Amino acid sequence: QGFTFLQKPYSVEALARYAVAAAGEAGATLSRESAIFLARWVGPDFDALDAEIGKVVAFALGRGEVNEGDIREVCVSRGAVDPFKLAETLVRKDSKACLTLFRRFAAAADPDDYHKLNGAVAWFLRSRIQGKRDAGTVTPRRAAEIFRALSRIDREIKGESRLSPGQVY
C-alpha cells in the first residue's frame, strides 16, 4: 500500500476495490492501479470517491476504460499525495509541480508524515541512482545536492531547529 498519509479509517485498498466494482456496474473498466490512483487522488472520503467515480465513468464511457489521465482531468484532487511522485518532481526540478504537490501534502500532514516523506524521497533517489526507476537516472551532482538537503532537513526535524516540520521543508 505504501505511504498514503490518510487521516480517516478508509484504506486505499478498500476504496480501490469499491471503485473497480462501481465502475464495472456502470459499464466501464477501471484497473486496480487506476483505482488505487483514484482513491489517493480523491482521498479517504467514501462519498467524495463515489461522486468522482460517477463523473469519471461518464467521461470515459465511450471508450469503456477509465485511465489515470481521465481521473486527473475530471476528478477533484482532495486526497493524499504520493510521496514518490513528489520526489520525482523534485529530482526533475519541476518546481511548479513539486510545490503544488507539497502544498497538498502539507495541508493534511501530521508531523510524523514529514519523516516518511523524507524517507520516500531518499528511497526514490537511491532507486534512480541505481537505475531501478522507469523515469531515468539522476546526475551524481543533483543526487548529492538532494541528499545534503535531506540530511539537513532530517537533523532539523529531529530537534536541531525550533521550526515545525512544515516550516523546515
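The chain is numbered in sequence order, starting from 1. Computed from a predicted structure; not experimentally measured. As a basis for the values below, the full set of heavy atoms in this structure was taken, side chains included, without hydrogen atoms, waters or symmetry mates.
Here the shortest heavy-atom pairing between Ala28 and Val57 reads CB-CG1, 3.9 Å. Here the closest non-hydrogen pair linking Asn118 and Leu150 is OD1-CD2, 2.9 Å. Contact detail for Leu38 and Cys75: the closest heavy-atom pair is CD1-SG, 3.8 Å. Scanning all heavy atoms of the two residues, the minimum distance from Pro44 to Leu15 falls at CA-CD1, 3.8 Å. For the residue pair Ala16 and Ala39, the shortest heavy atom distance occurs at N-CB, 4.2 Å. Of all non-hydrogen atoms in Arg92 and Thr89, the two that sit nearest each other are NH2-CG2, 3.3 Å.
Side-chain atoms of Ser127 come within 3.5 Å of backbone N or O of Trp123 as a donor-acceptor pair.
Annotation: side chain of Lys85 is not in contact with side chain of Phe124 (no heavy-atom distance under 4.5 Å). Taking the side chain as every heavy atom from C-beta outward, Asp50 and Asp47 never approach each other to under 4.5 Å. Within the 4.5 Å cutoff, side-chain heavy atoms of Arg142 are placed close to those of Leu90.
Under the salt bridge (charged side-chain N to carboxylate O under 4.0 Å, His left out) criterion, Lys55 pairs with Glu52, sequence neighbours left out.
Within the structure, ring-ring contact (aromatic ring centres under 6.0 Å, His included) contacts touching residues 11-40 (residues at least two apart or in different chains) are Tyr18-Phe46, Phe37-Trp41.
Rounding to the nearest 0.5 Å places CD1 of Ile36 at 6.5 Å from CD of Glu33. Summarising the geometry, atom CG belonging to Leu30 is positioned 6.0 Å from atom CD1 belonging to Ile71; distances are rounded to the nearest 0.5 Å. Distance check, rounded to the nearest 0.5 Å: CD of Glu73 to CG of Asn67 gives 9.5 Å.
Applying side-chain contact (heavy atoms from CB on, under 4.5 Å) to Val66 and the options Val74, Val56, Val20 leaves one that passes, Val56.
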